[in-house]
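Worksheet for the structure shown next.
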Amino acid sequence: MHEQKIAFYAGPAGGWGALNSVKNALLHQNIALKGAKTLLSANQPDGFDCPGCAWPDRNHASTFEFCENGVKAVAAEATARRAGPELFERYTVQELAAHSDYWLEDQGRLTHPMVYDATSDKYQPIAWDEAFVIIARHLNALPDPNQAIFYTSGRASNEAAFLYQLFVRQYGTNNFPDCSNMCHEPSGTAMREQIGVGKGTVELADFEKADAIFIFGQNPGTNHPRMLGELRAAHKRGARIVSFNPLRERGLERFADPQDKLEMATLGSTPISTHYFQLRIGGDLAAVTGMVKHVLEQEAAAHTSGAPGVLDHAFIAEHTMGLEALAASVQDASWAELEAMSGLTEAQMRAAADVYLGAPSVIACWGMGITQHAHSVATIQMITNLLLLRGHIGRPGAGPCPVRGHSNVQGDRTMGIWEKPSATLLDRLGDVYGFEPPRAHGVDAVEAIALMRDGKGKVFFALGGNFAAATPDTVATWQALQRCDLTVHVTTKLNRSHVVHGRQALILPCLGRTEIDLQNGRAQGVTVEDSMSMVHISMGINPPASEHLLSEPAIIARLAHATLGARSQVDWLALMGDYSLIRDEIEKVFPDFARFNQRVAVPGGFRLRNTASERLWATATGKATFQAHALPRNTPLQRARERSPGQRVFTLQSTRSHDQYNTTVYGMDDRYRGVFGQRRVLFIHAEDIRELGMRDGDWVNIRTVWNDGVERRADGFKLVAYDTPRGNLAAYYPETNPLVPLTAVAERAGTPTSKSIPVVLERAATAHDVAA
Ligand SMILES: Nc1nc2c(c(=O)[nH]1)N[C@H]1C(S)=C(S)[C@@H](COP(=O)(O)OP(=O)(O)OC[C@H]3O[C@@H](n4cnc5c(=O)[nH]c(N)nc54)[C@H](O)[C@@H]3O)O[C@H]1N2
Ligand SMILES: Nc1nc2c(c(=O)[nH]1)N[C@H]1C(S)=C(S)[C@@H](COP(=O)(O)OP(=O)(O)OC[C@H]3O[C@@H](n4cnc5c(=O)[nH]c(N)nc54)[C@H](O)[C@@H]3O)O[C@H]1N2
Ligand SMILES: [Mo]
């Protein structure tokens, strides 16, 4: 492992740094040559969908797009390392649990289904059939199906997700917490109400036509590297790129394309953002309200002087309602208040709005910096208000673009992985499959934890992911999982969730997307939907990591068969033998998937219909609605300040380093932020360090200020002076998850507020000992 150091990173995002990092990733996983072949098949028409992010692929049919973090994601799955029965024989679960998250996953791919043995405190191999019998027995013994919880992470394919939701609803519950609940849930909530669809309306082609691209709370250089290619091209043809972020993020500043021979040879790079607004954490609602205020003031001024207005009046008249209420509430917000909340000056907000006013076509993108706050839904609706004012939706080069995370998180929702299913979906499932689906809404991720904590959630089943590490309030969450009668994980690699387990526990190892999935001797493809609603096929090319692995669809089908027996009319075993039959079933339930098998056979696949992009509004009123939102006057942070007189209360955001995929830690570097060989760092303004009477490099403990008397702390973080507003902090997830209270969630969306945690800092006696 690297030497620990903090060193300013002067290079651009991408470039030679990216190539070097890729070389190291391949070496580490022992896949220098095989890896190269694997990588060339990522996102190719006859290859597999990259298991990295949900950013769409340009020209699905042509050249390989280099993406450093895509390579790391593929390499992590295609690793030559194996975590077989010998590993579990060597260590008790208690011993495994003492290792870091990095170490656990670094053991490699799981090879056998395993069952927990309490006597030896070890996982032992088990036959697949026996594993299904154990789960079925538990499920069928529950007095109420709502005592079972079925989690999904966003890598599951459409085929797996469809079978899963059908099985679980036939079993009798809508308890479908998923990673979306912690991610873009507020985007769906906000947009469904406002424009009638919970997805973005833009396509990749719109990025070629946009005159201004606003990026709120997103770090594409690390999390969606292929997006930098679009931004670079947009910048080169003169589009304005306006970033809102409390941190100076390298990928939003400069980018060198590793495929551009000239840039690589000359160490050149292209600037990305034309404007960078370093606002305060949680300040976006105020900042965008300020922009709306400026636009409306310009409109009023035009009126007075008899000049043409700045709004798209025709669009507003034909397609929208609610502008008067929005205008009134925006007028109520004073510039002084907007400045105080956003941390930007009136002049900056007006300047941002002038970029908006000067652009014929505007795209607004956003990520976790927007969705993981108490007032996320309001912020997203204010961003959409801004777009609606000049009709920037449903025409080329314009529209909202929530940038999703997991590669099929959007598809899983489309397939019905949702704890609040629509009546339409349930009716359809009931009609097609001749059963009465459960109508009561189920639990989301946070509610699932509360259910288990209260002893009312007894069986926890996870299709992928790492629930124990990804969720908030770690101490409470672990206790909740440990109260379960049974925990089951369908998974590729060992992680925290397998060692924080229920009284009985199973690990079910599955094929990854890079691997050949043979059923009845025929290679099967699965489908995924990217962030821009493109659905396409994914075919694995590597031999499976172990002969004992089953595919996700096969695991679900066999479990459904074992659990439901004659109660289900579905021929589960036939479906798992040929995935095109599963796609026929999907087509029966979802009209938008008509002729699914034919349409997905075309290279690049097809785009799902999106009514808002056709300016058809599937809202309660039949119109797109402006939504008024007053600035929140009593925020958790304000209350925390009142509760801690005399103490400096900071706002902490938890974010991703460049060397991780969510809870999967690839390495200890965060190159663009200048952090090497370590993860327990706390980014903080230099003046704040001084005011605390401390020095750069000092060690601190972090404690949450909350209203329930529970002590929440994370100890041993090194202070790193950083370019971020006063009073704002940043540290990595999942190390900071113990600090996020279970009750700290986004209004109306339930998303943990992982980007705005009120905390105080205490001097730590010694450096924290990090097991790695
Ligand atoms: N390599 C890699 N790729 C990934 C992932 C990964 O972990 N690694 N994760 C995937 C997943 S599931 C997701 S959801 C996405 C996540 O991708 P992002 O949405 O980029 O998520 P974060 O890394 O959490 O970064 C959030 C950004 O928001 C900024 N921010 C924090 N608070 C605020 C705020 O109040 N206002 C504003 N304007 N900005 C703020 C932070 O400084 C940071 O730049 O990436 C996906 N892709
Ligand atoms: N504090 C804080 N918490 C957060 C966030 C944050 O920004 N801050 N971000 C939130 C967000 S945006 C998200 S999306 C969630 C992520 O939550 P999850 O999706 O639950 O977590 P991941 O870390 O992506 O899951 C990694 C695990 O998935 C398994 N896996 C990988 N590939 C496959 C596969 O093909 N099949 C199966 N069955 N398993 C596989 C591996 O075992 C790996 O250990 O975390 C959330 N939590
Ligand atoms: Mo996510």
Side-chain angles (χ1 to χ4, degrees), residues 49 150-180 199 406-422 424-435 437-438 442 461-465 490 510-511 513 517 519 524-530 533-538 550-561 563-564 568-600 605-606 608-609:
D49 184 65
F150 297 88
Y151 177 67
T152 314
S153 169
R155 273 200 198 178
S157 64
N158 288 337
E159 287 75 6
F162 180 82
L163 292 186
Y164 192 45
Q165 62 84 35
L166 180 58
F167 156 52
V168 171
R169 292 197 165 107
Q170 290 203 328
Y171 167 69
T173 181
N174 287 308
N175 279 348
F176 280 116
D178 73 340
C179 68
S180 251
K199 304 178 181 181
H406 267 300
S407 48
N408 197 39
V409 62
Q410 187 161 314
D412 291 344
R413 257 307 151 80
T414 305
M415 290 297 109
I417 302 293
W418 196 17
E419 76 281 1
K420 300 182 186 69
S422 68
T424 319
L425 170 64
L426 296 177
D427 290 345
R428 192 86 197 126
L429 287 172
D431 288 349
V432 175
Y433 298 104
F435 76 111
F461 184 100
L463 183 60
V490 178
C510 65
L511 292 173
R513 245 188 238 163
D517 180 354
Q519 303 292 342
Q524 306 291 320
V526 293
T527 60
V528 293
E529 174 185 343
D530 66 31
S533 305
M534 295 295 303
V535 179
H536 55 86
I537 205 119
S538 171
L550 291 184
S551 74
E552 292 178 333
I555 291 173
I556 293 154
R558 286 175 63 174
L559 177 59
H561 180 73
T563 308
L564 301 174
S568 175
Q569 308 295 308
V570 177
D571 189 347
W572 296 99
L573 303 184
L575 291 179
M576 95 186 197
D578 178 355
Y579 299 174
S580 67
L581 298 178
I582 306 179
R583 289 188 282 277
D584 288 340
E585 297 300 310
I586 293 174
E587 172 173 346
K588 285 185 204 160
V589 173
F590 300 104
D592 286 350
F593 284 83
R595 298 186 303 110
F596 191 5
N597 276 306
Q598 290 102 298
R599 282 199 291 161
V600 89
F606 64 96
L608 277 177
R609 185 163 180 215

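In what follows, every heavy atom counts, from backbone to side chain, and hydrogens, waters and symmetry copies are set aside. Sequence positions, counted from 1, serve as the residue numbers for this chain.
Rounded to the nearest 0.5 angstrom, I586 CD1 and N158 CG are separated by 5.5 Å. Annotation: the span from S153 atom OG to I417 atom CD1 amounts to 11.5 Å, rounded to 0.5 Å. One finds the OG1 atom of T152 at 4.5 Å from the OH atom of Y164 (value rounded to the nearest 0.5 Å).
Pairing each heavy atom of E552 with each of A156, the nearest pair is OE1-CA, 3.6 Å. Of all the heavy atoms in N174 and P421, the pair that sits closest is OD1-CG, 3.6 Å. Of all heavy-atom pairs spanning L429 and F435, the tightest one is O-CE2, 3.6 Å. Taking each heavy atom of L426 and P438 in turn, the nearest pair found is CD1-O, 3.5 Å. The two atoms that bring M576 and P553 nearest to each other are CB-O, 4.3 Å, heavy atoms only. Between S180 and V409, the shortest heavy-atom distance links the atoms OG-CG2, 3.4 Å.
Evaluation of the salt bridge (Lys or Arg N to Asp or Glu O under 4.0 Å) test over residues 160-169, restricted to residues two or more places apart or in two chains, returns none. Applying the side chain to side chain donor-acceptor pair (under 3.5 Å) test to every pair with at least one member in residues 586-595, sequence neighbours left out, gives these pairs: E585-K588.
Proximity of N408 to R155: side-chain heavy atoms (C-beta onward) are nowhere separated by under 4.5 Å. Residues Q165 and V589 are not in side-chain contact: their nearest non-hydrogen atoms beyond the backbone lie 4.5 Å or more apart. Under the 4.5 Å side-chain criterion, counting only non-hydrogen atoms from C-beta, R513 is in contact with S407. Inter-residue side-chain proximity for L163 and I582 is flagged as met; some heavy-atom pair is nearer than 4.5 Å. Side-chain contact between Q410 and S533: present, with at least one pair of heavy atoms (C-beta onward) separated by less than 4.5 Å. Side-chain contact between R558 and L573 is present, with at least one heavy-atom pair separated by less than 4.5 Å.
R609 pairs by the side chain to side chain donor-acceptor pair (under 3.5 Å) definition with E614, not counting sequence neighbours. The ring pair (Phe, Tyr, Trp, His ring centres under 6.0 Å) search around Y151 returns F467, not counting sequence neighbours. Shown here are the side chain to side chain donor-acceptor pair (under 3.5 Å) partners of S568, two or more places apart in sequence or in another chain: Q170, W572. Scored by the side-chain contact (heavy atoms from CB on, under 4.5 Å) test, L581 finds L575, D578, D584 as partners (sequence neighbours excluded). Judged as a salt bridge (charged side-chain N to carboxylate O under 4.0 Å, His left out), and not counting sequence neighbours, D431 has no contacts. For D178, the salt bridge (charged side-chain N to carboxylate O under 4.0 Å, His left out) partners are R413, not counting sequence neighbours. Partners of S538 under the side chain to side chain donor-acceptor pair (under 3.5 Å) rule, at least two apart in sequence or in another chain, do not exist in this structure. When the ring pair (Phe, Tyr, Trp, His ring centres under 6.0 Å) test is applied to F593, the partners found at least two apart in sequence or on another chain are F596. Take R428 and apply the side chain to side chain donor-acceptor pair (under 3.5 Å) test, not counting sequence neighbours, and it matches no residue. Every residue meeting the salt bridge (charged side-chain N to carboxylate O under 4.0 Å, His left out) condition with E529, not counting sequence neighbours, appears here in chain and number order: K199.
Side-chain contact of N597 with S580: a donor-acceptor pair under 3.5 Å is absent, judged by distance alone. Between the side chains of S551 and Y579, at least one donor-acceptor pair of N or O atoms lies under 3.5 Å.
Without hydrogens or angle criteria, E159 side chain to R583 main chain gives no donor-acceptor distance under 3.5 Å.
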message = Please evaluate residues F176 and W418 with respect to the criterion side-chain contact (heavy atoms from CB on, under 4.5 Å), reporting the C-alpha separation (whole Å), side-chain torsions for both, the decisive distance (0.1 Å), and the verdict.
response = CA-CA 6 Å; F176 280 116; W418 196 17; 5.9 Å; no
request  = Start with the C-alpha gap between F167 and T563, add the side-chain angles, then the distance that decides, and say whether side-chain contact (heavy atoms from CB on, under 4.5 Å) holds.
outcome  = CA-CA 9 Å; F167 156 52; T563 308; 3.8 Å; yes
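By the 30° and 60° cut-offs, the orientation of the rings of F150 relative to F461 is tilted.
Of the candidates T527, V526, D49, I537 forms a side chain to side chain contact (heavy atoms under 4.5 Å, CB included) with just one, namely T527.
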